[in-house]
*Asks:* 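A single structure is presented below for examination.
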Amino acid sequence: VPPTARALDLPALVKQARAGRPRSLARLISLVEDAHPALREVMAALTATAAPAGGGTTVIGLTGPPGVGKSTTTSALITAFRARGQTVGVLAVDPSSPFSGGALLGDRIRMHEHALDEGVFIRSMATRGHLGGLTRSTPQAVRVLAAAGYDLVLIETVGVGQSEIQIAGLADTTVVLLAPGMGDGIQAVKAGILEVGDVFVVNKADRDGAQATARDLRHMIGLAHRLEPGGWRPPVLPTVASTGSGIAALVEALDRHRTWLTGDRLADRRGRRAGAEIEALVMAELRARVGRLRPGPRLEDLAAEVVGGRMDPYTAADILLRAVSAAGNEAGGECVSVPNDNREQ
Ligand SMILES: Nc1nc2c(ncn2[C@@H]2O[C@H](COP(=O)(O)OP(=O)(O)O)[C@@H](O)[C@H]2O)c(=O)[nH]1
Ligand SMILES: [Mg+2]
């Protein structure tokens with residue numbers, strides 16, 4: 001039992017989180033990271049008292065290779081949004097780091113100037129192993145910050161794998177950052193980053209080769225995006241995040257995209273985000289149920305059958321699915337607890 005299970009006064013916690021109390025927000029996000037059984041109640045409470053449809057929170061994802069300047073850009077954006085009186089929540093997601101402390105220390109340093117600002121909440125999030133956990137936990141953490149009424153939520157994820165790119169791609173607006181001289185960056189582009197970008201940034205424009213990188217990028221975007229009438233053409237913007245140069249133009253592009261993203265387009269984005277979140281919950285529950293099948297067919301045994309050429313994988317999958325659904329019926333079909341998918345592996 002995680003320590004958070006002790007003395008958990010949920011109604012009080014939810015009430016204080018909605019009032020924007022940082023300690024309560026941090027505690028709720030810890031529950032999210034742990035896939036704590038109490039989340040069921042938390043999410044129900046947050047939904048029942050949610051802001052009017054659509055909500056006022058704009059979600060912005062930032063992704064790109066390590067070291068490209070995501071945290072520095074995030075910090076510069078916080079400054080810009082705060083200057084016009086908006087409140088900002090930040091989730092720095094690092095799937096490679098097993099703990100939320102160490103590896104993200106650099107991010108903390110880069111954002112520490114905002115630490116005492118009551119209009120800013122910054123949280124590093126770890127995924128503790130299972131990547132599917134990210135698809136569930138990030139939207140849930142956004143939910144918590146939206147309920148607290150932040151005008152903007154910024155999600156920083158390292159754009160190295162499909163899963164991380166997908167998380168950023170589930171934002172209302174996704175910013176893809178690259179920097180000159182990063183051949184790897186261009187490689188990363190091939191891994192699906194082009195498709196998720198609404199706004200592209202060539203950061204470190206104070207370095208040689210920024211114009212060439214921007215040109216290459218514009219060319220690739222031209223190939224990747226088929227522009228429909230009234231469609232969005234992703235801009236490519238040079239920035240020097242460390243000095244704030246180009247940040248005003250980035251904010252302007254974000255505003256323009258948010259304005260373009262109204263009605264069905266916004267509903268579609270948010271629908272995809274909620275859909276991915278539901279799917280992650282279902283998959284985690286299924287995985288946990290397969291693990292609990294005792295007595296019953298075991299995944300390892302079925303795998304051995306498939307390896308031995310005695311069974312095809314579809315038949316094996318059918319056997320597991322049938323056993324899981326039979327066990328579910330016995331238990332009254334009730335999904336008893338949200339499994340801790342972070343600790344499954
Ligand atoms: N020359 C230069 N360095 C930058 C710029 N933006 C960020 N940096 C530096 O690049 C390093 C990595 O930045 P960081 O924001 O942590 O990158 P992240 O890993 O993408 O979050 C830090 O040392 C920053 O100070 C920039 O525009 N120009
Ligand atoms: Mg960073």
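Residues: numbered from 1 along the sequence shown.
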*Asks:* Examine distances only and state if a side-chain atom of D151 and a backbone atom of T57 form a donor-acceptor pair shorter than 3.5 Å.
*Replies:*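 Between the backbone of T57 and the side chain of D151 there is no qualifying donor-acceptor contact (under 3.5 Å).
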*Asks:* As an exercise, state the distance from NZ of K70 to OG of S75, rounded to the nearest 0.5 Å.
*Replies:*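 Reported value, rounded in 0.5 Å steps: 14.0 Å.
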*Asks:* Regarding E252 and R256, does a basic nitrogen lie under 4.0 Å from an acidic carboxylate oxygen?
*Replies:* yes
*Asks:* Less than 4.0 Å between a side-chain N and a carboxylate O, is that true for E285 and R292?
*Replies:*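 Yes, charged N to carboxylate O under 4.0 Å.
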*Asks:* The test is side chain to side chain contact (heavy atoms under 4.5 Å, CB included); show your working for L152 and T87 and say whether it passes.
*Replies:* CA-CA 6 Å; L152 294 127; T87 54; over 6 Å; no
*Asks:* Tell me whether the count of non-hydrogen atoms from other residues, nucleotides or ligands lying under 6.0 Å of CZ in R310 goes above 12.
*Replies:* yes
*Asks:* Just wondering, do V142 and L91 contact through their side chains at under 4.5 Å, heavy atoms?
*Replies:* yes
*Asks:* Could you tell me which non-hydrogen atom of R273 sits nearest to which non-hydrogen atom of P139, and how far apart they are?
*Replies:*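 The pair with the smallest heavy-atom distance is CG-CB, 4.3 Å.
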*Asks:* Strictly distance-based, threshold 3.5 Å: is any side-chain N or O of D312 a donor or acceptor partner for the main-chain N or O of Y314?
*Replies:*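 Yes; judged by distance alone, with no hydrogens or angles, the pair exists.
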*Asks:* Check V176, L177, L62 against V201 for a side chain to side chain contact (heavy atoms under 4.5 Å, CB included) and give me the one that passes.
*Replies:*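 Filter result, single survivor: L177.
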*Asks:* What are the two closest non-hydrogen atoms of L302 and P297, and how far apart are they?
*Replies:* CD1-CB, 4.2 Å
*Asks:* Drop me the distance from R143's CZ to T138's OG1, to the nearest 0.5 angstrom.
*Replies:*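 Answer rounded to 0.5 Å: 12.0 Å.
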*Asks:* Quick one, D172 and L261 - any side-chain contact, counting heavy atoms below 4.5 Å?
*Replies:* yes
*Asks:* Report the residues that fulfil side chain to side chain donor-acceptor pair (under 3.5 Å) with R272, sequence neighbours left out, ordered by chain and then residue number.
*Replies:* none
*Asks:* So, does K15 use its side chain to make a donor-acceptor pair with the main chain of L10 at under 3.5 Å?
*Replies:* no
*Asks:* Taking the side chain as everything from C-beta on, heavy atoms only, tell me whether V32 gets closer than 4.5 Å to M43.
*Replies:* yes
*Asks:* Answer yes or no: is there a donor N or O on one side and an acceptor on the other, between the side chain of R258 and the main chain of T173, under 3.5 Å?
*Replies:* no
*Asks:* The test is side chain to side chain donor-acceptor pair (under 3.5 Å); show your working for R82 and Q86 and say whether it passes.
*Replies:* CA-CA 5 Å; R82 291 299 292 143; Q86 292 176 297; over 6 Å; no
*Asks:* Tell me whether E118 at atom CD has more than 12 heavy atoms from other residues, nucleotides or ligands lying less than 6.0 Å away.
*Replies:*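 Open.
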*Asks:* Is a side-chain donor or acceptor of T315 paired with a backbone partner of M311 at a separation under 3.5 angstrom?
*Replies:* no
*Asks:* Heavy atoms, side chains only, cut-off 4.5 Å: are V202 and P180 in contact?
*Replies:*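 Yes; the side chains approach each other to less than 4.5 Å.
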*Asks:* Do N203 side-chain atoms and A179 backbone N/O form a donor-acceptor pair below 3.5 Å?
*Replies:*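 Side chain of N203 to backbone of A179, a donor-acceptor pair under 3.5 Å: no, none is there.
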*Asks:* Measure the spacing between NE2 of H114 and CZ of F81 and express it to the nearest 0.5 Å.
*Replies:* 11.5 Å
*Asks:* Mind listing the closest non-hydrogen atom pair of M125 and A141 along with its distance?
*Replies:*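 What the structure gives for the nearest pair is SD-CB, 3.7 Å.
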*Asks:* Is there a side-chain contact between E33 and S137 (heavy atoms, below 4.5 Å)?
*Replies:* no
*Asks:* Ignoring hydrogens, what is the shortest heavy-atom contact between V251 and A80? Give both atom names and the distance.
*Replies:*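 The answer is CG2-CB, 3.8 Å.
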*Asks:* Please indicate whether R84 has more than 12 foreign heavy atoms, meaning atoms of other residues, nucleotides or ligands, lying under 6.0 Å from its CZ.
*Replies:* yes
*Asks:* Testing the basics here: between G20 and A148, what is the closest heavy-atom pair and its distance to 0.1 Å?
*Replies:*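 Scanning both residues, the minimum pair turns out to be CA-CB, 4.3 Å.
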*Asks:* Parallel, tilted or perpendicular: which describes the rings of W232 and H257, with under 30° parallel and over 60° perpendicular?
*Replies:* perpendicular
*Asks:* Looking at D268 and R265, is there a salt bridge between them, counting it only when a charged N and a carboxylate O are closer than 4.0 Å?
*Replies:* no
*Asks:* Given side chains that start at C-beta, do those of L46 and R18 come closer than 4.5 Å, heavy atoms only?
*Replies:* yes
*Asks:* Work out which heavy atom in A171 is nearest to a heavy atom in G61; give both atom names and the distance.
*Replies:*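 Taking A171 first and G61 second, the nearest heavy atoms are CB-N, 3.3 Å.
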*Asks:* Okay, side chain of W260, backbone of G230: is any donor-acceptor separation there less than 3.5 Å?
*Replies:* yes
*Asks:* When clusters are formed by joining ILVMFWY residues with side-chain heavy atoms under 4.5 Å apart, either directly or through shared neighbours, do L281 and M283 land in the same one?
*Replies:*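 Not linked; separate clusters.
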*Asks:* Short question: side chain of R218, backbone of V236 - any donor-acceptor pair under 3.5 Å?
*Replies:*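 Yes, R218 side chain to V236 backbone: donor-acceptor pair under 3.5 Å.
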*Asks:* Heavy atoms, side chains only, cut-off 4.5 Å: are T79 and I247 in contact?
*Replies:*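 The answer is no; the side chains never approach within 4.5 Å.
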*Asks:* For V240, does its backbone N or O pair with a side-chain atom of D206 as donor and acceptor, under 3.5 Å?
*Replies:*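 Not at all, since once roles are kept as given, no pair shorter than 3.5 Å links the two residues.
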*Asks:* Out of curiosity, E279 CD to L286 CG, how far, rounded to the nearest 0.5 Å?
*Replies:* 10.5 Å
*Asks:* At what distance, to the nearest 0.5 angstrom, does OG1 of T74 lie from CD1 of I122?
*Replies:* 9.0 Å
*Asks:* Any side-chain heavy atom of F121 sitting closer than 4.5 Å to one from V90?
*Replies:*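 The answer is no; the side chains never approach within 4.5 Å.
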*Asks:* Would Y150 and V88 count as a side chain to side chain contact (heavy atoms under 4.5 Å, CB included) here? Give the steps.
*Replies:* CA-CA 6 Å; Y150 285 95; V88 189; 5.5 Å; no
*Asks:* Report, as yes or no, whether the 6.0 Å neighbourhood of atom CD on E41 holds more than 12 heavy atoms from other residues, nucleotides or ligands.
*Replies:*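 For E41, atom CD is not crowded (no more than 12 foreign heavy atoms under 6.0 Å).
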*Asks:* Report the distance from atom CG of L28 to atom CZ of R21, rounding to the nearest 0.5 Å.
*Replies:* 12.5 Å
*Asks:* Show your working on side chain to side chain contact (heavy atoms under 4.5 Å, CB included) between V153 and T58 and close with a plain yes or no.
*Replies:* CA-CA 6 Å; V153 172; T58 294; over 6 Å; no
*Asks:* Given the rule in the side chain to side chain contact (heavy atoms under 4.5 Å, CB included) test, do T73 and L250 qualify, once you have shown the distances and angles that lead to the verdict?
*Replies:* CA-CA 10 Å; T73 302; L250 173 56; 3.8 Å; yes
*Asks:* Give a yes or no on whether the backbone of L170 and the side-chain of R269 come within a donor-acceptor separation of less than 3.5 Å.
*Replies:*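 Not confirmed, R269 side chain does not pair with L170 backbone.
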